[in-house]
Structure formats: C-alpha cells, structure tokens
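Each remark here refers to the structure printed beneath this line.
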Amino acid sequence: MITCNGETVGDAATVADLLERRLGDARPHGVAVAVNGEVVPRGEWASYPLAEGDVVEVVTAVQGG
Amino acid sequence: MSSLVPDLVIAGEALSSRLLLGTGGLPRTSLVEPVLEAARPALVTVSIRRTSSLADGGLLAALQAAGVRLLPNTAGCLSAREAVLTAELAREALGTDWVKLEVVGDERSLMPDAVELLDAAEELVRRGFVVLPYTTDDPVLARRLVDAGCAAVMPLGSPIGSGLGVLNPHAIAAVRAAVEVPVVLDAGVGTASDAALAMELGCDAVLAATAVTRAEDPVAMARALRLAVDAGRLAYGAGRVPRRAEARASSPLIGLVR
C-alpha cells in the first residue's frame, strides 16, 4: 500500500505511474513530488520505484499571499 | 512611475518594482491579467498545496502566461521541517531558489514562530535558497535572520489578512535601522495609505495580497498600491519636515496689508 497526499492508494511501480493514475499525466507541468520527505526530481519520475509503505506528496502552485 | 525611484535589489538582483503581490483570495482567475497590469509587481507569491487534478494548475498557467516572476511561499507550515520540505517542493515545481519563508505558531493568530522560523531559515540558506522570511516587527529577530543569511526580512504591519495597516510604525522603523538587507512590509496592508506609510518609514518594498484580492475593485486597488508604494518611497527620500507642536506660518510675515 502507498499513501499519496494522505490517502491510501493502490500499488504503482514508479512515481510516473502514480502520476499517470492520479492526474492522467505522467509528466504534469508545475508539479513536484516528494517520497518519504525527500523531493524526487522530475527527471527521475519514470525510473523512481515506489515500494510498499511509501508516503508520497504531489503538489502544485495555487493562490497564496 | 517606477523610473522615479531606484530599483529594488534583493540578493544582487534588480527587481522591476517595489510592490510584491500575493494571489491569495483572488475571486477569479480572469482577474489575474488586469490585476497584474495594474500592479506591475516585482514578484508574485503563490502557495504550494497537494493536488489531485490538473485543473489545480489554472492559476499557475495564467501567471506563467503573464510572464511574472513567481515567489513561492511556505504558508501554512507550522514547523521548520514542513517549511523546508515545502520550499524544496516549490523549487522543484517552479524552478526558483527564492522562497518567502513562513512558519507560523498557530493557525488562528498566524503569527510567526520565531524559533522554528530561524531554524528553517538557517537550513534553507544552507541548501542554497534565497530566503525572504515573514517575521514579526522585532528588530532583534530581524537581525538574527539576517545573520542566518536571509536576503531580506518581511516584517508584519499587522496580522495577516487583517487590513489594520502598520500598527507599530516605530517597530517597523527599528527593523529598518537594524538590518542592511531590504525590508519588505508584509501583512496587514488594507489600503494605499498603509503602503505609503510603510515606504515612508524606510521599507524597501511592500507585499499586499488581501488588500487587492478582496477589495471591491481589485484592479483599482492594485493600481492604487502601485502608486502609493512609489509615492511613499519618493517621500522617504525627500526628507519630510520635522513634526512641530506649534504652527509656523508658511507665508511671509512682512509686507502685510493693514
């Protein structure tokens, strides 16, 4: 089981797979990803493997002051 | 107007204006373009939040289409750990080393947590960020943040979103006197005179969000703040007359018709 943005989600082989499933795009613009508290650079999304218990954050820029 | 006042320089980079604009509270993305045109801000702040839909990227797309320079913030972070991770995510998402560092002590007052803020600032400087911390109007903490390597300090005029203006002008002037880096008045601006006062106190720039985004006419307020910031800066440089307790005639006293 993987946790993405606080929700339990099904297995995904890589960060890119997870993004494809969650956002419908494996390389979404303006998005950043952290796995277990460490940022995974965009260039590594396709190869970065996800494992049971990983905690993933997927973020973008929104309104802010 | 901006040609009337010298450029604001932060971390060695000349910025195009002395007004920084926050986007928080903007009622419609369609307002982005006219508000930016009216404000001509040097930097535009955004927050970093979890996303589950590509539709969340609408604001970012509009800002990037307008060609503005983005300044991500760490708003909502309650600890140095959260703020550092948020800053790292912002750097990856937006491709900028600059961060408006916010670490608040609680979600009600939204007042900076001095201990966590300083901790986060030290760590982010170590990691190569250009750190602009949102801080209290405390000259001692401002000095500590600069000693930690912050490129500017952003003292609050009054609580975030309050529109109460600069509640303690003496403290803002003391912050100005305590540090050599740019001072950006952040939080509390409600209208143009608040921004002008901050600049007259010696602030180098003003950040406004709520004042614009929740005004009845955000475009008009954006323009008003742009003019106020320049007017205040000019007045600061002009050297105001000392305050006097008694009247002093400005017209000649000789040659009076009797």
Side-chain angles (χ1 to χ4, degrees), chain A, chain B residues 20-27 29 32 44-61 63-64 70-76 81-82 84-96 100 102 110 127 134 160-161 186-187 189 207-214:
Chain A
M1 223 48 110
I2 294 165
T3 303
C4 180
N5 289 351
E7 296 172 15
T8 300
V9 297
D11 288 341
T14 64
V15 168
D17 288 341
L18 181 67
L19 292 172
E20 176 70 46
R21 191 179 311 167
R22 296 274 294 180
L23 298 175
D25 186 343
R27 287 181 62 81
H29 174 75
V31 164
V33 175
V35 177
N36 302 326
E38 296 290 334
V39 172
V40 178
R42 169 173 291 260
E44 297 175 19
W45 289 350
S47 59
Y48 195 96
L50 292 176
E52 177 77 18
D54 278 349
V55 176
V56 184
E57 296 287 338
V58 179
V59 302
T60 192
V62 300
Q63 283 192 358
Chain B
L20 282 58
L21 190 67
T23 53
L26 205 61
T29 301
V32 166
V44 176
T45 62
V46 290
S47 293
I48 301 299
R49 290 291 180 272
R50 288 172 168 175
T51 180
S52 58
S53 161
L54 292 179
D56 294 338
L59 175 79
L60 178 60
L63 292 171
Q64 289 181 328
L70 296 176
L71 176 64
N73 69 26
T74 63
R81 185 192 61 78
E82 289 173 8
V84 169
L85 177 56
T86 300
E88 289 280 11
L89 285 163
R91 175 153 72 176
E92 172 68 16
L94 301 176
T96 177
K100 179 189 163 190
E102 292 185 45
L110 299 177
R127 295 182 184 210
Y134 163 66
I160 291 174
D186 185 13
V189 170
L207 189 152
T210 301
V212 170
T213 62
R214 297 200 163 100

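Note that the structure is a prediction, hence the values are computed from the model and not measured. Reminder, nothing fancy here: chain letters follow the sequence lines and each chain counts from 1.
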Indicate yes or no for a side-chain donor-acceptor contact from A:Gln63 to the backbone of B:Leu59 under 3.5 Å, with no hydrogens or angles considered.
no
Quick check on the interface: out of A:Leu23, A:Val31, A:Val33, who has the most heavy-atom pairs with chain B under 4.5 Å?
A:Leu23
Go through B:Ala93, B:Ala61, B:Pro72, B:Gly25 and name the one with the most non-hydrogen pairs under 4.5 angstrom from chain A.
B:Ala93
Hey, what do you get for CG (B:Leu71) to NZ (B:Lys100), rounding to the nearest 0.5 Å?
7.5 Å
Contacts of type side-chain contact (heavy atoms from CB on, under 4.5 Å), residue A:Ala13, not counting sequence neighbours:
A:Asp17
Taking side chain as everything from C-beta outward and backbone as N, CA, C, O, which of these in B:Ile48 sits under 4.5 Å from a heavy atom of chain A? Side chain, backbone, both or neither.
both
Hey, are B:Arg50 and A:Glu7 close enough for a salt bridge, meaning a charged N less than 4.0 Å from a carboxylate O?
no
Is chain A contacted by the side chain of B:Leu94, its backbone, both, or neither, given a heavy-atom distance below 4.5 Å?
side chain
Only pairs under 3.5 Å count here: list side-chain donor-acceptor contacts from residues 45-55 of chain A, not counting sequence neighbours, and write none if there are none.
| from | atom 1 | to | atom 2 | distance (Å) |
| --- | --- | --- | --- | --- |
| A:Trp45 | NE1 | A:Val40 | O | 3.0 |
| A:Ser47 | OG | A:Glu44 | O | 3.4 |
| A:Glu52 | OE1 | A:Met1 | N | 2.3 |
| A:Glu52 | OE2 | A:Met1 | N | 2.7 |
| A:Asp54 | OD1 | A:Asn36 | ND2 | 3.0 |
| A:Asp54 | OD2 | A:Ala51 | N | 2.7 |

Let's test your reading of the structure: which of B:Thr51, B:Thr45, B:Leu26, B:Thr29 forms the most heavy-atom pairs below 4.5 Å with chain A?
B:Thr51
